[in-house]
Every structure is written in structure tokens, then in C-alpha cells.
Amino acid sequence: MTLKTRFAPSPTGYLHVGGARTALFSWLHARHHGGRFVLRIEDTDLERSTAESVNAILEGMTWLGLEYDEGPFYQTHRFDRYNQVIDALLEKGLAYRCSCSKERLEKLREEQMAAKQKPRYDGHCRDRDVSPDEPHVIRFRNPLEGEVEFQDLIRGRIAVSNAELDDLIIRRSDGSPTYNLTVVVDDHDMGITHVIRGDDHINNTPRQINLYQAMGWEVPQFAHVPMILGEDGSRLSKRHGAVSVMQYKEQGYLPEALLNYLVRLGWSHGDQEIFSVDEMIERFDLKDVNRAPSTFNTEKLKWLNQQYIIHGDPARVAHLVSPHMGDLGIDPAQGPDLVEVVKAQRERAATLVELAQISAFYYRDFEQYDEKAAKKAFKGEADQALRAVRERLAALEDWQREPLHQAVTDTVEALGVGFGKVAMPLRVAVTGGSPSPDLDLTLHLVGREATLRRIDRAIEFIQSNR
Ligand code: GLU
């Protein structure tokens, strides 16, 4: 039988990092074993599910490269099938109609709480043969005795006594099927062999296993992934900053960096930190997933992102930074080759947004000087140094690194000053104070026209600020 895993989000918001990590583990497990990966949209909660959220999930999956082999399947398209299964359970006496009123259930609950018992349905309608004409829900007839046991691929053996489980509602009074029923029908029908999901569902698993057994279906394997915490130890949420995958895209993270971060969040392979997608696929094993929750650390994600910017293919980084240049109103086609700019700047930025910001000066005149840099560079005789170097630069025939470097050192020599006396004001004149590489490379990329124009502007600035 083909190994098959799935990701089954409820479309009630964006794709958050916790969901993305669950999806990644599921995807890796399938890819590692040459299996298939299914995407299923669990949209039965009609009030909270939205089309935007479905789009956000699909967009996030695509951006991360978590391509699915089957789906997306929508649960709302499968109501007939769920009803068929519910009817079959009714027919076999494995489910029954329950007409208990809200008031009765509420009272029961209060009594149980007062007696310090776990609130659970007492089976009042189990043998009452409620008429279909009465308002009712359908409950699953959970076994009363024995225990449900399974071997969780992350947590190990888990056993729950049936006495702990009550008769689960599988169809609401409005006729809609409930989560525990739909998930079992789908995982069975879709041939899922490994259910990998967040451990917030771990209490549902024994109930679901009972449903599989009632239907006579093979029970899949389960792996429950521990949750992700914020740095204060509480469950990761918006309070901790960005949690939506697409927010990371906007903030200038590379998808491969976020994937790498997510895979290491609760999984390890020796002390290796950097994994290409191929390496993840090769090395991923559910048995190496931590049982304890992991803590989300933005600094580490940032560090990884920087590694991918520095060591990634510059053409790819250029491709990814380009829209962030666009956000700054820059068209990178109008100026130096973006790939060359990326190579020149990549060690100075942790995100693509930063990379775009510190590279803007190659494409357009900056609005103002960085105050600190200008103060330091534009003092004393800086205007004269600039005038002198401008003359030599203007005379160059070839705007290449070598002659540019020569022009600067010749100026330094002619003026009889230290290199910094010329280089510093020149650098700030041309870059505005933005982080930049070697001066000759900077000038080469900025180009002749802009360099000379910016030197004139700096001379004027210095003189008017005397
Ligand atoms: N739809 C559920 C959720 O978003 C997941 C169900 C499952 O994986 O079994 O939490």
C-alpha cells in the first residue's frame, strides 16, 4: 500500500507557522518514503470558514514549496458521503438518535462538576429509540468497556479506557457532521496511512480509532507533533509577533530559510543546522521529532535567513529581492545588474527587506544623508578632497574598479593625506551612509553619472552647512 500523509487545515485564518510546520513534517514523511501527500480543506464550520482563508493557505503552501499530490479536497463537497456513513452506523446500531435538550445536558454537566466528575454524556438516549421526527443529534455508541491503545510515532504508547470516553455527537441537530466523523471518513476514503497532526488533537484520536473499528476500517498510524511556544513559554500566538507564513514573506524571509527553521523546530539530525530541502527529505524521520514543545526564536530564524542570503544563488536572491525593491518604488531594471548588487551587498542584510533598503542608493539618489555618517565624513577639508577626487574621476575613460581605485589613491597621494580623508567623504557622498562594499566596487555599480552628480551635491551640502 502506498504511504500517504495529509495536511488538513480548517480555513478560518491565515496559514500560521505551527500549521506550516505540521504540514512540513507530513510532507517530509511522505517524500522521504516515496509516498503521497494530500491537502484537505476542513471547511465544515460554515460560519468560520472563508474563501480568503483557503486562498491564504494555498498561497502559503505554494510559497513554501509544499506541493501536494492530491487535493485540495473540500469537506463541504462530501456531505453525502458523511451521511452515508452515519446512516450505516445507525443501521448497524452503532449510532443512535439523541433528543436530550440543551437544558438537560447543562444540568447533567453541573451535577457532574459539583460531584467533581469529568463532564460526559450519560447515555440517556442510548436505548430510547428516539423518533427521527423529533429534533435530535446522532451519537456514536462508544464501547463501554476495554481500552483504546495506539502507538504514537512520536509519543509512544498511548492507552485510554473506554470508560473515559462518552458517546460522541457525529451529526448535529442541523444535520451537519462533526469533525471526528468527517476526519475518519476522509482519512479512510483518501487512503491516509499516517495521520500527522498537532497534539491538540491527541484526545480525539482514541475516539476516532473507535469509529474506525466500528466501521471495520483499518486504523492508520498516528503521530502527534508537539506545539510551538513563544519565548515567554505560552503557546505561540499573534502576541509574539508574526505568526502568519505570508507575513514572513512580506518581511523579507526566504521560503527555504523559513522551511529550514521550521524543520529544526522540534526535529534534529545531529547538530546540523542548515538543511537543503533534499537533505531534509533524505534525513527526516518522525522518530527524531522531539516530544517536548519547542520555542520559536526569531533571532535564530533571522540568522538562518542571512545564511541563505549570503550563500544562496545570487540570481535567486536577486529574483526574490526584486519585489521588495519595487515596494520602495525602484525598478531594478533601471540601473546596475541586480545580481551584481546582491553579490556586493548580501553580507550586510539579514532580510530581503533590509537588502532592498541598503541597495536603494544604487538605483536612485537618496533623500538625505545618514546624520552620523555625514557628520563624521563631511568635516574639515572634505569638500576639497571631494573636488580633487571628482576631477580625476571625471577624467576616467573606463569606469571599472581598477582605474576607479587608482583615481582615489592618486588623489590621496597628490593631497598628501590619509586614505580615509578622501575615501570617507566620497563613500558617504555616493551612498548617503548606507552600508556598502569596497569603494571602487561601489562607484563602479553606482555609475559615472550618478557618482559625479552626488559628489557635487555633497560639496554643496558641506559648504552650505559650514
Ligand atoms: N482541521 C483540523 C485543524 O485544523 C486538523 C484535523 C486533523 O489534522 O486531524 O486543526
Side-chain angles (χ1 to χ4, degrees), residues 4-30 35-58 60-61 66 68 70-79 82 85 140 148 150 152-155 158 168-170 172 176-212 215 217-228 235-237 243-245 262 266 286 289 293:
K4 223 192 247 190
T5 68
R6 45 61 157 196
F7 177 50
S10 304
T12 55
Y14 41 74
L15 177 64
H16 57 85
V17 289
R21 189 195 51 167
T22 304
L24 173 62
F25 283 7
S26 215
W27 181 82
L28 286 173
H29 189 68
R36 295 173 74 74
F37 177 62
V38 175
L39 177 63
R40 181 170 75 231
I41 304 291
E42 303 209 321
D43 55 350
T44 53
D45 184 339
L46 300 177
E47 256 159 51
R48 294 178 59 226
S49 302
T50 65
E52 280 117 71
S53 169
V54 171
N55 286 336
I57 291 165
L58 298 181
M61 302 275 291
L66 300 178
Y68 31 92
E70 292 173 33
F73 298 115
Y74 293 82
Q75 288 193 321
T76 44
H77 298 176
R78 292 178 40 82
F79 275 41
Y82 305 137
V85 172
F140 173 61
V148 190
F150 67 101
D152 188 281
L153 296 173
I154 295 171
R155 299 284 202 98
I158 295 180
L168 185 75
I169 297 178
I170 54 176
R172 300 184 189 88
S176 62
T178 60
Y179 159 72
N180 279 298
L181 185 280
T182 58
V183 81
V184 167
V185 175
D186 285 349
D187 285 337
H188 168 263
D189 287 4
M190 295 170 192
I192 305 300
T193 59
H194 292 74
V195 172
I196 301 168
R197 61 182 167 202
D199 69 358
D200 47 333
H201 287 289
I202 204 157
N203 292 332
N204 289 320
T205 305
R207 300 169 178 283
Q208 293 176 11
I209 291 174
N210 280 337
L211 277 166
Y212 279 101
M215 290 302 296
W217 291 339
E218 195 176 330
V219 181
Q221 305 247 41
F222 293 94
H224 290 92
V225 182
M227 61 178 156
I228 303 177
R235 197 190 183 94
L236 189 70
S237 72
V243 283
S244 136
V245 163
L262 291 176
L286 280 174
V289 173

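In each ligand, atom 1 is the first atom listed, and ligand 1 is the first ligand listed.
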Exercise. So which of Thr205, Ile154, Val289, Val195 actually passes side-chain contact (heavy atoms from CB on, under 4.5 Å) with His224?
Worked result: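 Answer after filtering Thr205, Ile154, Val289, Val195: Thr205.
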
For this session: Could you check atom 10 (O) of ligand 1 against the protein and tell me its nearest heavy-atom contact, residue, atom and distance included?
Result: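 Of the protein heavy atoms, His201 NE2, 2.9 Å lies nearest.
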
Problem set entry | Nearest neighbour in protein (non-hydrogen) for atom 7 (C) of ligand 1 |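 For this ligand atom, the closest protein heavy atom is Arg6 NH1, 3.2 Å.
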
Problem set entry | Expected output: side-chain Thr76 to main-chain Asp43 donor-acceptor under 3.5 Å |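 No: the side chain of Thr76 does not pair with the backbone of Asp43.
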
Exercise. Do side-chain atoms of Thr5 reach the backbone of Phe37 as a donor and acceptor pair under 3.5 angstrom?
Worked result: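 Pair absent, no side-chain N/O of Thr5 close to backbone of Phe37.
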
Exercise. Any N/O of Tyr179 closer than 3.5 Å to an N/O of ligand 1?
Worked result: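 Yes; at least one N/O pair falls below 3.5 Å.
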
Problem set entry | N/O separation below 3.5 Å, Ala8 to ligand 1 |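 Such a contact does occur with ligand 1.
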
Problem set entry | Pair Tyr179-Asp45, side-chain donor/acceptor within less than 3.5 Å |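 No, no side-chain donor-acceptor pair sits under 3.5 Å.
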
For this session: Please determine, by modelled atom types, if Gln208 and Asn180 share a side-chain donor-acceptor pair under 3.5 angstrom.
Result: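 Result is yes, a qualifying pair exists.
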
Exercise. Which pair of non-hydrogen atoms, one from Leu262 and one from Ala20, has the smallest distance, and what is that distance?
Worked result: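 Heavy atoms only, the tightest pair is CD1-CB, 3.8 Å.
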
For this session: State the atoms of ligand 1, each with its element, that fall below the 4.0 Å cut-off from a heavy-atom position in Val183.
Result: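 Within the 4.0 Å cut-off of Val183, ligand 1 contributes 9 (O).
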
Problem set entry | Option set Gln75, Gln208, His224, Glu42, criterion heavy-atom distance to atom 6 (C) of ligand 1, minimum |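 Among Gln75, Gln208, His224, Glu42, the closest heavy atom to atom 6 (C) of ligand 1 belongs to Glu42.
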
Exercise. Which option out of Pro11, Gly18, Ser10 puts a heavy atom nearest to atom 4 (O) of ligand 1?
Worked result: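 It is Ser10 whose heavy atom sits nearest to atom 4 (O) of ligand 1.
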
Problem set entry | Sub-4.0 Å heavy-atom approach of Phe7 to ligand 1 |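 So Phe7 does not count as touching ligand 1.
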
